[in-house]
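Worksheet for the structure shown next.
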Amino acid sequence: MTFRSSSIPPGVLTVGAVTFTVFAWASAFVSIRSAGAAYSPGALALGRLLAASLVLVVLLLISRQGLPPREAWRGILVSGVVWFCGYTIVLNWGERLVDAGTASLLVNTGPILMALLAARLLGEALPPRLLVGMAVSFAGAVVVGLSMSSGDGGSTSVLGVVLCLLAAVAYATGVIAQKPALSYGTPLQVTTFACLTGTVACLPFSGQLFAELPEAPMSATLNMVYLGVVPTALAFTTWTYALARMPAGKLGATTYAVPAIVVLLSWALLGEVPAWLTLIGGALCLAGVTVSRYTPRSARTPAEDSPLGAGRT
């Protein structure tokens, strides 16, 4: 599964990979809330990763890509434990204590941490346009979070806030660990073995999963499987494909579109009409992503003008 095509420019494939990832991850917030009513955080994480691992292993066998090189394993293991396992459990727990708007707002501190870590550890630049775009998008995420949290009738859980912030740290750390691994392994290899690592790390929750599975409604179980197949197996693979071709900080900024897409999905699928404040916040999120992604043609380097940019093909 290499996403190659003789008729589709690689640059178009990269944009498509980013777009799919953002939409899939936005849908995950809704599914986590639904499945989390029947499954405990650890059990939901394990069930999700088991479903994802099954899909990824099948794709890896079909593509005959085999094991990743030895040099990729450090990043794979760190991202597997911290991102696939740690992030998933902590976010599941956090979304039981705070609403989706607040969770989305807090997790969206991750791209800021990601850009700072990428600059410090990977030597990536922090151009002014990226910083401005991230600031605009973060302001939009704040507006969306506040508007979706208003009228909830209760106070926000301090533990829930802390857990969502920990999820943001795990998200940023996992991406930074994953980036160097993509210099050696393919996106599918890195994603598959990171997911398998996360699954092994979640095995202590297998007793909870088997105990809760018979009692859970079918809708919750289907949501858990969906979380494994789409936002994890497919979206993490498209994410790593894009990460191999873009700076981590710049790619992370695109996830600021997630709160805006959550609003649109809730409007289209659940009939939840957003308030004007929510729409304004969503527009700010998208505007910030546009600013952070835009580079004047006169300022582009040859590598940026290339459809692939940098990274593996």
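Side chain of Q189 to main chain of T186: a donor-acceptor pair is present (N/O by atom type, distance under 3.5 Å, no hydrogens or angles). Side-chain N or O atoms of T232 include one that pairs as donor or acceptor with a backbone N or O of L227 at under 3.5 Å.
One finds the CG atom of L163 at 11.5 Å from the CD1 atom of I89 (value rounded to the nearest 0.5 Å). Distance CG/L60 to CZ/R64: 12.0 Å, rounded to 0.5 Å. Taking CG of L54 as the reference point, atom CG of L49 lies at 12.5 Å (rounded to 0.5 Å). Note that OG1 of T221 and CG of L44 are 10.0 Å apart. Values are rounded to the nearest 0.5 Å. Rounding to the nearest 0.5 Å places OG1 of T192 at 9.0 Å from CG of L61. For the atom pair CZ (R48) and OG1 (T88), the distance works out to 5.0 Å, reported to the nearest 0.5 Å.
Heavy atoms only, all atoms of each residue included: N223 and A35 are closest at CB-CB, 3.9 Å. Between C202 and C85, the shortest heavy-atom distance links the atoms SG-SG, 3.4 Å. In terms of heavy-atom proximity, S34 sits nearest to A220 at O-CB, 4.5 Å. Taking every heavy atom of both residues into account, T21 and A235 meet most closely at OG1-O, 3.3 Å. Among all heavy-atom pairs drawn from A242 and V18, the shortest one is CB-CG2, 3.6 Å. When all heavy atoms of L188 and S63 are compared, the closest pair comes out as CD2-OG, 3.5 Å.
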Working note: V230 + F20, criterion side chain to side chain contact (heavy atoms under 4.5 Å, CB included); need CA distance, chi angles, decisive distance, verdict.
CA-CA 10 Å; V230 180; F20 176 82; 4.1 Å; yes
Step by step, work out the side chain to side chain contact (heavy atoms under 4.5 Å, CB included) result for I62 and V58.
CA-CA 6 Å; I62 292 174; V58 170; 3.8 Å; yes
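Residues V78 and L166 do not share a hydrophobic cluster, defined by chaining ILVMFWY side chains whose heavy atoms lie under 4.5 Å apart. Cluster membership for V81 and V190, using ILVMFWY side-chain heavy atoms within less than 4.5 angstrom, is not shared. V57 and L67 fall within a single hydrophobic cluster, where Ile, Leu, Val, Met, Phe, Trp and Tyr side chains are chained together by heavy-atom contacts under 4.5 Å. When hydrophobic clusters are built by joining Ile, Leu, Val, Met, Phe, Trp and Tyr residues whose side-chain heavy atoms come closer than 4.5 Å, directly or via intermediates, L196 is grouped together with F236. Hydrophobic clustering (ILVMFWY, side-chain heavy atoms < 4.5 Å, transitive): F205 and W93 are in distinct clusters.
Evaluation of the side-chain hydrogen bond (donor to acceptor under 3.5 Å, both in side chains) test over residues 161-170, restricted to residues two or more places apart or in two chains, returns none. Each ring-ring contact (aromatic ring centres under 6.0 Å, His included) pair with one or both residues in residues 37-56, not counting sequence neighbours, would appear here, but there are none.
For the residue pair E212 and S40, a side-chain donor N or O sits within less than 3.5 Å of a side-chain acceptor on the partner.
Partners of L50 by side chain to side chain contact (heavy atoms under 4.5 Å, CB included), not counting sequence neighbours, listed by chain and number: L46, T199, L209. Partners of V200 according to the side chain to side chain contact (heavy atoms under 4.5 Å, CB included) rule, which considers only residues two or more places apart in sequence or in another chain, are L203. Among residues two or more places apart in sequence or in another chain, the ring-ring contact (aromatic ring centres under 6.0 Å, His included) test is passed with W73 by F193. A search for side chain to side chain contact (heavy atoms under 4.5 Å, CB included) contacts involving V225 returns V229, not counting sequence neighbours.
Side-chain contact between T237 and L56 is present, with at least one heavy-atom pair separated by less than 4.5 Å. Annotation: side chain of L59 is in contact with side chain of V55 (closest heavy-atom distance under 4.5 Å). Side-chain contact check for Y87 versus V82: every heavy-atom pair is 4.5 Å or farther apart.
Taking the six-membered ring where the residue is Trp, W83 and W239 present perpendicular rings, their angle passing 60° and hence far from 30°. Ring-plane geometry between W25 and Y171 is classed as perpendicular, the angle between the planes exceeding 60 degrees on a 0 to 90 degree scale with a lower cut at 30.
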